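Reminder, nothing fancy here: chain letters follow the sequence lines and each chain counts from 1. All of these numbers come straight from a predicted model, not from anything done at the bench.
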Amino acid sequence: QGTRYDQERLLRKSCTLYVGNLSFYTTEEQIHELFGKSGDIKKVIMGLDKVKKTACGFCFVEYYARGDAENAMRYINGTRLDDRIIRTDWDAGFKEGRQYGRGRSGGQ
Amino acid sequence: LESLICRVGEKSNSSLESNLEGLAGVLEADLPNYKSKILRILCTVARLLPEKLTVYTTLVGLLNARNYNFGGEFVEAMIRQLKECLKVNMYNEAVHLVRFLSDLVNCHVIAAPSMVAMFENFVSVTQEEDVPQVRCDWYVFAFLSSLPWVGKELYEKKDAEMDRLLSQTESYLKRRQKIHVPMLQVWTADKPHPQEEYLDCLWSQIQKLKKDRWQERHILRPYLAFDSILCEALQHNLPPFTPPPHTEDSVYPMPRVIFRMFDYTDDPEGPVMPGSHSVERFVIEENLHCIIKSHWKERKTCAAQLLSYPGNNKIPLNYHIVEVIFAELFQLPSPPHIEVMYTTLLIELCKLQPGSLPQVLAQATEMLYMRLDTMNTTCVDRFINWFSHHLSNFQFRWSWEDWSDCLTQDLEKPKPKFVREVLEKCMRLSYHQRIIDIVPASFSVLSPANPVCIYKYGDESNRSLPGYTVALCLTIAIKNKASNDEIFSILKDVPNPNQDDDDDEGFTFNPLKIEVFVQTLLHLAAKSFSHSFSALAKFHEVFKTLAESDEGKLHVLRVVYEVWKNHPQMIAVLVDKMIRTQIVDCAAVANWIFSSELAHDFTRFYIWEILHSTIRKMNKHVLKIHKELEETKARLARQHKRRDSDDDDDDDDRSSDREDGPLEEQIERLQEKVETAQSEQKNLFLVIFQRFIMLLTEHLVRCETGGIDVFTPWYKSCIERLQQIFLQHHQIIQQYMVTLENLLFTAELDHHILAVFQQFCALQA
């Protein structure tokens, strides 16, 4: 119960978004251009396949200001990048290791 | 209760009239227990849901008919709310309140003569002396903009007074100054649609309404169905309303220009679009703007609400919606909401009306393209951003051949320039080859460069370049994970082309050192943004040392440009990082942008994105330190309060000094920090203005002596970029007016340049 409350609190204050359904070819530069439309980006961390260390279809975008992340959720979530509809979600915060895909294949 | 009230008027199985009647009954029954709550909710919807104005005035009318006292209390609460809004500069919401009150006349809640009296007090503000014009403007606007709703009723009851009010208004409008208007116009041309100042347009609309004997047929008036009930009700008199006086803290709304891009000729098959001076046009536009204001945070709801605007088959709604959205997107100084919202709103609208809206949007795009020659540069920026982002959601499908006319023009002209910038932005959202594939071969001259890095020491053929061997050395060292110290020692061997004598440590400005180091590092880190950022972080110490002087900072920026001139996006993110890690400062970036090395790119969009981003960082920095200072002061105050409230004895005096000490020191340090930051901020703006003045003066003198026309594409771009600085940062710049007037924008300046400053001064005068 305690950790769930903490998790919710982190999400409410978070400036970081998880971005899913990316094409494997989508680059950090494209992410920066699109997500930069809602505000200044602090950091982009591209998701990697744990085994192959290649692109894995997701990434994290961290903003300096929560308001900018909120606008990304409002206006970039559910629109297209590389012709795919991407989806964004609040993330409790990037920690080392979370940039790797999970599961046995390393690509989930 | 809230939900019941907020939802009335939305799609339902029963008619609006029966819903209102039912709700009035429910609320009347609840009055004994929930009166203050009901008052509060009704006041709030009056303020925040102006697009449903007449629904709620009808509701209040029904309640007043059933309970006279409630009606009176509501009117009093509204007046209180109006005064509050005016006190805290919430002028846009205050207009909605005034309109609501005036519609209450139609619902027999307020007596017409007392409303006229309030308007008399409003219009008499135009007689006040030594007040800003924008103050009088607001009161006149509040009066005129209520007349579509209540003009008929007021004129019927008090025609002599109304005539007097209208003639007073007319003489005010004739004598007010309009120097600010050119600065706010989206196009510099008057054809096909003049960009009218908002009060002038509204005045024409009201005059036409009066000529039509105040017949207004567009507004939905539910109270008409209840006429028999409502006219039995007793009316209240508005208390005499004195407009709150002007204070130093009063900030009035900026003047506006009315954006028009369509008229009845643009949709020959559909219903007729009301004329530009018809009151219907005003009401429709007001309501659509209000809907966007109410729902901008939820794009799907916003799109649905816009499309369910009543009167769908009597007006070309899609055209109105598209026009209103572009009006906001292109509004100067700034759009009411974040730009990206409009892009996704239009996409949602296309989803909901796939058979009709995309065509209107394509038509609008075509029209905007055709008028690029006279479009304000800032608005062109927004058009570029919107169009490229929009295309990226539709596989970049566009009939580019339709725009082949731009291929025969000089590349600096607005149309080819627009296409180039759009293609560059499209590339940023995809990749280079994609853009080559989507445009016809004839457009290759406008296609963006392949965003590759240019490394001057890369080829063996360059080995005669000074510093070539050091570059090789550095490359190997960095690949072997060298430390900052090792880098320093390698760089020691680089001679300084600027000085003859040898420096002991060689840490003064040495452009060759900077060149070799920055070129090599950026080349090694070229793979992605993250690689480059890591490189900046890892060798931060080297950067700081090499770029210690102002010349050093400037040179670092120059080298970054030389390496990455094919990849403007990379330049922008590197400059951003270097400012944030204090490798360069904002003034260095400003000087770099105006340097001769960048003259070739001076009119490119990315340069101005970098400059404005730099200014914004400076502004945010000042705000952040200021906030820290205020917070620390508050902590100290709380500490004092805690101490004062305890029962003290003398021993505590010493400990309290000890407690205060660190906080007071912190406050002093922060105070200094704030002053330094503010001075840096002011200096940044002064540098920028100074450079603009130098550049523009040079051009004007050259044209004069050469006998050529001043108005080249470069000049138009440059002078509008100067305007953009004023407009985009007007709140900060207001603080510097005296300095600007006395130091930079003096009477000796060429009148072309001075005009920009005068227009800016006129904005809040």
I'd like a table of all donor-acceptor pairs linking chain B to chain A (distance under 3.5 Å, no angle check), giving the atom names and the distance to one decimal.
from      : atom 1 : to       : atom 2 : distance (Å)
Trp296(B) : O      : Tyr75(A) : OH     : 2.6
Arg299(B) : NH1    : Arg74(A) : O      : 2.6
Arg299(B) : NH1    : Asn77(A) : O      : 3.0
Arg299(B) : NH2    : Asn77(A) : O      : 2.9
Asn393(B) : OD1    : Arg80(A) : N      : 2.8
Arg428(B) : NH1    : Glu33(A) : OE1    : 3.3
Leu429(B) : O      : Gln30(A) : NE2    : 3.1
Ser430(B) : O      : Gln30(A) : NE2    : 3.4
Arg434(B) : NH1    : Asp83(A) : OD2    : 3.3
Arg434(B) : NH2    : Asp83(A) : OD2    : 3.3
Ser528(B) : OG     : Glu28(A) : OE1    : 3.4
Phe529(B) : N      : Glu29(A) : OE2    : 3.4
Ser530(B) : N      : Glu28(A) : OE1    : 3.1
Ser530(B) : N      : Glu28(A) : OE2    : 3.2
Ser530(B) : OG     : Glu28(A) : OE1    : 3.1
Ser530(B) : OG     : Glu28(A) : OE2    : 2.9
Gln569(B) : NE2    : Glu29(A) : O      : 3.0
Arg580(B) : NE     : Tyr64(A) : OH     : 3.2
Arg580(B) : NH2    : Asp40(A) : OD2    : 3.3

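Residue Ile338(B) touches chain A through its side chain alone, counting heavy-atom pairs closer than 4.5 Å. In this structure, chain B has a heavy atom under 4.5 Å from the side chain of Leu81(A), while its backbone stays farther away.
With chain A as partner, the option from Phe394(B), Phe529(B), Phe533(B) having the largest number of non-hydrogen pairs under 4.5 angstrom is Phe529(B).
More than 12 heavy atoms of other shown residues, nucleotides or ligands fall within 6.0 angstrom of atom NE2 in His289(B).
Evaluation of the salt bridge (charged side-chain N to carboxylate O under 4.0 Å, His left out) rule for Lys565(B) yields Glu562(B) as partners, not counting sequence neighbours.
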